[in-house]
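The basis for the numbers below is simple: all heavy atoms, side chains too, and nothing from hydrogens, waters or symmetry mates. In what follows, every chain begins at residue 1, and chains take the letters A, B, ... in the order their sequences are listed.
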2 protein chains.
Amino acid sequence: MDEAPARRITIVDVARHAQVSTTAVSKVLRNAYGVSPKMQAKVRQAISELGYRPNASARGLRGRTYTIGVMLPDIRNPFFAEVLDGLTGRIAGTEYQVLLGPGCNGEDAEARVIHAMIDRGMDGLILIAPISARAHLERVAALVPTVVVGRHGHSHTYDTVADDDLTGAALVVNHLADLGHRRIAHIEHHESTPDCLAEMPNAIRAEGYRRAMRARGLADGIDIASTTYTQEGGYLGAKQLLARPVRPTAIFAGADIVAMGALDAIAEAGLSVPTDISIAGYDNTTFAAFRPISLTSVDQAGHEIGANAARLLLDRIADRSRPTAQVKLSPTLVVRRTTAPPPA
Amino acid sequence: MDEAPARRITIVDVARHAQVSTTAVSKVLRNAYGVSPKMQAKVRQAISELGYRPNASARGLRGRTYTIGVMLPDIRNPFFAEVLDGLTGRIAGTEYQVLLGPGCNGEDAEARVIHAMIDRGMDGLILIAPISARAHLERVAALVPTVVVGRHGHSHTYDTVADDDLTGAALVVNHLADLGHRRIAHIEHHESTPDCLAEMPNAIRAEGYRRAMRARGLADGIDIASTTYTQEGGYLGAKQLLARPVRPTAIFAGADIVAMGALDAIAEAGLSVPTDISIAGYDNTTFAAFRPISLTSVDQAGHEIGANAARLLLDRIADRSRPTAQVKLSPTLVVRRTTAPPPA
DNA sequence: AAACATTTGGGAAACGTTACCCACTCCGAT
DNA sequence: ATCGGAGTGGGTAACGTTTCCCAAATGTTT
């Protein structure tokens, strides 16, 4: 009749079993100062004999929960998977556990997830490409150590990791211009929240595109379709661009997913890539690399971004008063089969 | 000089501000029985004036954390994104928050994530396509309400939601046979953990394939390449199949991601789809629907699966002694451009 | 041998919430 | 009048840890 409700083993059970105080067990758990090797051994043995696991809620009430929260805006974007890999790789082996706050569309949902994580006593937060107003991010970071990924701009309360989107956009423009293109259009993500406009990667990419075009003397070829960073947005943006009196000979999509939609629209228009029109994306996701697509794309080194974010967060948890850091990583261009010289 | 360390508002602050007891506040928070409308109003006002948010750790210590943990094995598989959408859609609007336990490769990593969620006092767990031994799942479910998604087989401790993979495989085989194919090969995921073999969807799909082939009198055409459910696995599996003395005229890939890899190998062999060879996948992911690919695939209704899992979990949290349920959803076939009659 | 520092172990009070109980008021029914 | 029950509100002890202290034991210097 072991119908007992199977109470979970607590630190008290361990202490009793090892014939020491709960304080001693706690110290061993945290390898705190002031425990003899003998005590260590005794307690560790009791822990493993009983299969004890500390209760995170109880720990959280007194201090840390050993949990890091990651806000992930779009689980479908394979680029974020890349970032996540880098991130978890860096956290694995530490005493921390990563938990993800999923899918938020819109600023309200994002705020809800972030606060849910704070409520749950997360020791640190990594916010991937948040759309919240900057002031809100500052407020969050004042509450809990925070690293913001993918937003440009300098803060004194949180660390940032971002790709150098200005350079990335220039890589694409220069590549296309070198191939002989002059009318290179761009599909951008339209920013709905103006107060963080200058910080968003999409805005920077668009700006980088404009600057690079002008630098190459192609100011006349500047042509921007303003939609969103989604497949749908790419489809609509490309449709719009293809309807121009003089059609662009190349499209720089602000994200791979946008390029996917654009490819769709191009096929629908009966044009072929890259013979009739070249297209390039941004993010170098798995699907850009996928052979039937073979999309020319900018590689952001998502893995590195994630690893850096994790490192910064661990550092900040260790020392909250450390001055903030801004890591900017250089992208590279991966040329594949969707870009070629323009039709003669 | 507001350099105060900004202590978080607690239930005590709310009680003091509303001039009531903490018990009363707690009751309002949980809409417990025995609070007058006047009390309700008073407390709610105090809560919003102070911007109070309950501390989940403290709650967890006494009872529930209002958190549901979802174990997601592979963040890159867009099918899981679908499931997640259905799931969060069903949870949104309740008092619960969903947190994801990310990417685990291998049984050990999976167990680690699951236990991390239990340690953190999750009120319920949804395990998506777990690879753990059945006994382990039973042990987990004894500790916390659990729903297992994508595993077949009946349990008395956890609820299950799964697709009818037997039928799904038959749909593909019959479709291809109707088109005139006789040599229909299959790429399966090789099961490394034999103790749960019969429960895994991949095994069921392979079995469904065999049965359907025999049922159509195509037993001679049965040909299975055993790799893994990854793009790489699809590539290798297809390469293997294409090297056969008599080449199959159609390939049924056990998952869309496998079909992606297979398409790659087919292109590399200089064959074209569907003229030279037909190919079908399973899962109907976003990328199967993506026009340049247009993969014929089995739709599992991931959204429904997720929604059902969430519903079952909420029910079980409400009543842990309720008998377990097994939901089995019927898949449908989505015919696109990668399947056609075999070459003459 | 005395005085002092260092190491080692434990007692007890938090942390923020909930659950269990009990007390009080106000009814209507006896 | 008395009783019983329903409706409200609050006091208090948990929940499982950590942290702050203090005490005892041990070592080290005068």
Using whole Å, what does the distance between atom [atom2] of nucleotide [N] and atom [atom1] of [X] come to?
X       : N      : atom1 : atom2 : value
A/Asp13 : D/dG16 : CG    : P     : 9 Å
B/Arg8  : C/dT17 : CZ    : P     : 8 Å
B/Ile9  : C/dC15 : CD1   : C1'   : 16 Å
B/Ile11 : C/dA19 : CD1   : C1'   : 12 Å
A/Asn55 : D/dA14 : CG    : C1'   : 14 Å
A/Arg64 : D/dG16 : CZ    : C1'   : 18 Å
B/Arg62 : C/dT18 : CZ    : P     : 9 Å
B/Arg16 : D/dG11 : CZ    : P     : 14 Å

Give the nucleotide from the list [options] with an atom nearest to the side chain of [X].
X       : options                : value
A/Leu61 : C/dG11, C/dC15, D/dT18 : C/dC15
B/Ser21 : C/dT18, D/dG10, C/dT17 : D/dG10
B/Tyr33 : D/dT8, C/dG10, D/dT17  : D/dT8
B/Val20 : D/dC15, D/dT17, D/dG10 : D/dG10
A/Arg59 : D/dT18, D/dG10, C/dG16 : D/dT18
A/Met39 : D/dG9, C/dG16, C/dG9   : C/dG9

message: Is B/Arg30 close enough to C/dA19 that one of its side-chain N or O atoms is under 4.0 Å from OP1 or OP2 there?
response: yes
message: Between A/Ser26 and D/dT17, is there a contact of a side-chain N or O with OP1 or OP2 at under 4.0 Å?
response: no
message: Return whichever of B/Lys27 or B/Gly63 has its heavy-atom-nearest nucleotide of DNA chain C closer to the 5' end.
response: B/Gly63
field: 5' priority, DNA chain C, between B/Thr23 and A/Gly34 [closest heavy atom]
entry: A/Gly34
field: A/Asn55 versus A/Ala58, closest heavy-atom pair with distance
entry: OD1-N, 3.0 Å
message: For B/Phe80 versus B/Leu72, what's the shortest heavy-atom pair and its separation?
response: CB-CD1, 3.9 Å
- prompt: Is any NZ, NE, NH1 or NH2 atom of the basic residue among A/Asp85 and B/Arg76 found under 4.0 Å from an Asp or Glu carboxylate oxygen of the other?
  reply: yes
query: Is it true that A/Arg8 and B/Asp119 have a side-chain N and a carboxylate O under 4.0 angstrom from each other?
result: yes
message: Side chains of B/Thr67 and A/Arg120: any donor to acceptor distance under 3.5 Å?
response: yes
message: For a quick check, tell me whether the side chain of A/Lys38 and the base of C/dG9 share a donor-acceptor pair closer than 3.5 Å.
response: no
